[in-house]
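Below is one structure, written out as structure tokens; comments come after it.
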There are 2 protein chains.
Amino acid sequence: MAKIRKAVTVILRLIALAATVVAVVIMVTSKETAHVLNLTFTAKFTHTPAFKYYVVAEAIAGVYTIVALLLSSRSLLARLILILDVVVAMVLTSSISAALAIAQVGKHGNSHAGWLPICGQVPHYCDKLIISLVAGFVAALVYLLLLVYTLRAALSPVFAIKS
Amino acid sequence: MAKIRKAVTVILRLIALAATVVAVVIMVTSKETAHVLNLTFTAKFTHTPAFKYYVVAEAIAGVYTIVALLLSSRSLLARLILILDVVVAMVLTSSISAALAIAQVGKHGNSHAGWLPICGQVPHYCDKLIISLVAGFVAALVYLLLLVYTLRAALSPVFAIKS
């Protein structure tokens with residue numbers, strides 16, 4: 001039982017790691033230059049604070065996932081890792097939500113605020129962004145699954161005795 | 001020890017409940033009409049999908065917090081409540097992050113995308129938004145504290161035995 005639990009945890013962490021790597025690499029390489037009338041403008045993630053936060057958060061989550069994979073055999077650290085898993089899950093959720101909110105404005109604009117959509121001008125940039133955001137969404141979802149799985153498995157005897 | 005743990009949990013939930021109520025009420029009542037040249041425009045939260053999501057998410061978290069306060073004495077439900085706490089913490093984190101990302105554009109604009117700031121035209125709307133977002137941030141933070149506190153307290157004997 002403990003072996004299955006460990007295997008599931010490792011698989012979920014590997015999926016989350018792959019997702020964060022894809023999210024960061026695609027976002028960082030998503031530059032596109034457009035020519036509208038006589039104007040040239042470039043779309044890249046560093047122009048948007050929410051996307052910069054997204055890249056940093058996904059990178060931190062990726063690095064943490066590697067450390068957690070390496071350390072998860074040390075039982076003394078299990079409680080610390082679980083609490084850090086909660087924090088990383090919230091960081092991933094936060095970053096994908098902020099990035100999605102801005103991407104939604106980029107795609108559809110906001111007529112009330114006078115913000116025009118930009119995806120018509122830089123379609124390849126937007127396509128890459130969508131791939132990156134799907135990967136970031138997967139990473140957050142996998143961390144939620146990981147937490148629910150760990151808590152379900154680990155807490156069953158505790159609450160029967162303690163609460 | 002169990003009594004202190006319960007008291008801390010109840011206090012944290014009450015703070016989270018108050019914060020979500022403030023977040024929803026202030027956001028919902030944050031309408032402002034501005035007159036620029038001969039044009040009249042109204043700023044309200046329903047114009048922005050991220051703010052609508054924010055209100056719905058904070059309201060759900062508030063209602064859940066009331067239910068959790070009422071049910072937390074039933075020990076059989078403790079594990080379910082902990083898992084729902086994780087989900088609600090992620091929902092709160094997601095909603096405040098999405099709302100903050102849009103509020104940042106509303107405050108500072110994004111010159112690269114051609115999105116102008118709107119807080120100059122509707123300063124009272126923006127002031128109310130800031131209060132609502134601070135409350136939403138407090139709610140998410142309190143849920144993170146609640147999770148860390150519960151996990152730290154509940155898991156101490158488990159991992160020593162099980163992992």
Side-chain angles (χ1 to χ4, degrees), chain A residues 2 5-6 41-44 46-50 53 72 74-79 82-83 86-87 89-102 104-106 108-118 140 143-144 147-148 151-163, chain B residues 2 5-6 41-44 46-50 53 72 74-79 82-83 86-87 89-102 104-106 108-118 140 143-144 147-148 151-163:
Chain A
R5 187 150 63 93
K6 194 159 202 169
F41 81 102
T42 302
K44 54 181 177 179
T46 50
H47 290 166
T48 306
Y53 168 54
S72 57
R74 315 272 174 94
S75 56
L76 280 177
L77 293 172
R79 194 154 55 118
L82 180 59
I83 287 174
V86 172
V87 175
M90 288 177 85
V91 167
L92 282 172
T93 309
S94 168
S95 71
I96 184 67
S97 304
L100 274 177
I102 298 298
Q104 193 272 340
V105 179
H108 298 289
N110 186 326
S111 57
H112 301 286
W115 300 338
L116 296 174
I118 61 156
Y143 258 90
L144 174 62
L147 280 178
V148 172
L151 292 176
R152 196 197 54 80
L155 288 179
S156 39
V158 182
F159 281 106
I161 304 161
K162 289 200 79 190
S163 58
Chain B
R5 187 148 63 92
K6 195 157 201 169
F41 81 103
T42 303
K44 54 181 177 178
T46 50
H47 290 165
T48 306
Y53 169 54
S72 58
R74 314 274 173 94
S75 55
L76 280 177
L77 293 171
R79 193 153 54 116
L82 179 60
I83 288 175
V86 172
V87 174
M90 288 177 84
V91 167
L92 282 172
T93 309
S94 168
S95 71
I96 183 67
S97 305
L100 274 176
I102 298 297
Q104 193 273 338
V105 179
H108 299 287
N110 186 324
S111 57
H112 302 287
W115 300 337
L116 296 174
I118 61 156
Y143 258 90
L144 175 61
L147 280 178
V148 171
L151 292 176
R152 195 197 55 79
L155 288 179
S156 40
V158 182
F159 282 107
I161 305 161
K162 288 202 79 189
S163 58

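On a predicted model such as this, the values are computed, not experimentally measured, just so you know. In what follows, chains are A, B, ... by sequence order, proteins preceding strands, each numbered from 1.
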Of the backbone (N, CA, C, O) and the side chain (C-beta and beyond), which part of Ser111(B) lies under 4.5 Å from a heavy atom of chain A, both, or neither?
->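 Contact with chain A: none, neither part.
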At a heavy-atom separation under 4.5 Å, does Ile118(B) approach chain A through its side chain, its backbone, both, or neither?
->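 Looking at Ile118(B), just its side chain touches chain A.
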Of the listed residues (Gly114(A), Ala98(A), Ala113(A), Ala43(A)), which shares the most heavy-atom pairs with chain B below a 4.5 Å separation?
->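 Highest number of heavy-atom pairs under 4.5 Å: Ala98(A).
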Given the options Val148(A), Val105(A), Leu100(A), which has more heavy-atom pairs under 4.5 Å with chain B than any of the others?
->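 Counting heavy-atom pairs under 4.5 Å, the top option is Val105(A).
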Interatomic distance, [X] atom [atom1] to [Y] atom [atom2] [nearest 0.5 angstrom]:
X	Y	atom1	atom2	answer
Leu92(B)	Met90(A)	CG	CE	7.5 Å
His112(B)	Thr42(A)	NE2	OG1	10.0 Å
Leu147(B)	Leu82(A)	CG	CG	9.5 Å

Does the side chain of Leu151(B) reach to within under 4.5 Å of the side chain of Val86(A), using non-hydrogen atoms?
->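 Side-chain contact under 4.5 Å: yes.
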Does a side-chain heavy-atom distance below 4.5 Å link Trp115(B) with Ile102(A)?
->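 Yes; the side chains approach each other to less than 4.5 Å.
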Heavy-atom pairs under 4.5 Å with chain A, option from His108(B), Gln104(B), Lys44(B) with the top count =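 Option with the top pair count is Gln104(B).
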Most heavy-atom pairs under 4.5 angstrom with chain A, which of Ser94(B), Ala50(B), Pro117(B), Ser95(B)?
->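 Answer, by heavy-atom pair count under 4.5 Å with chain A: Ser94(B).
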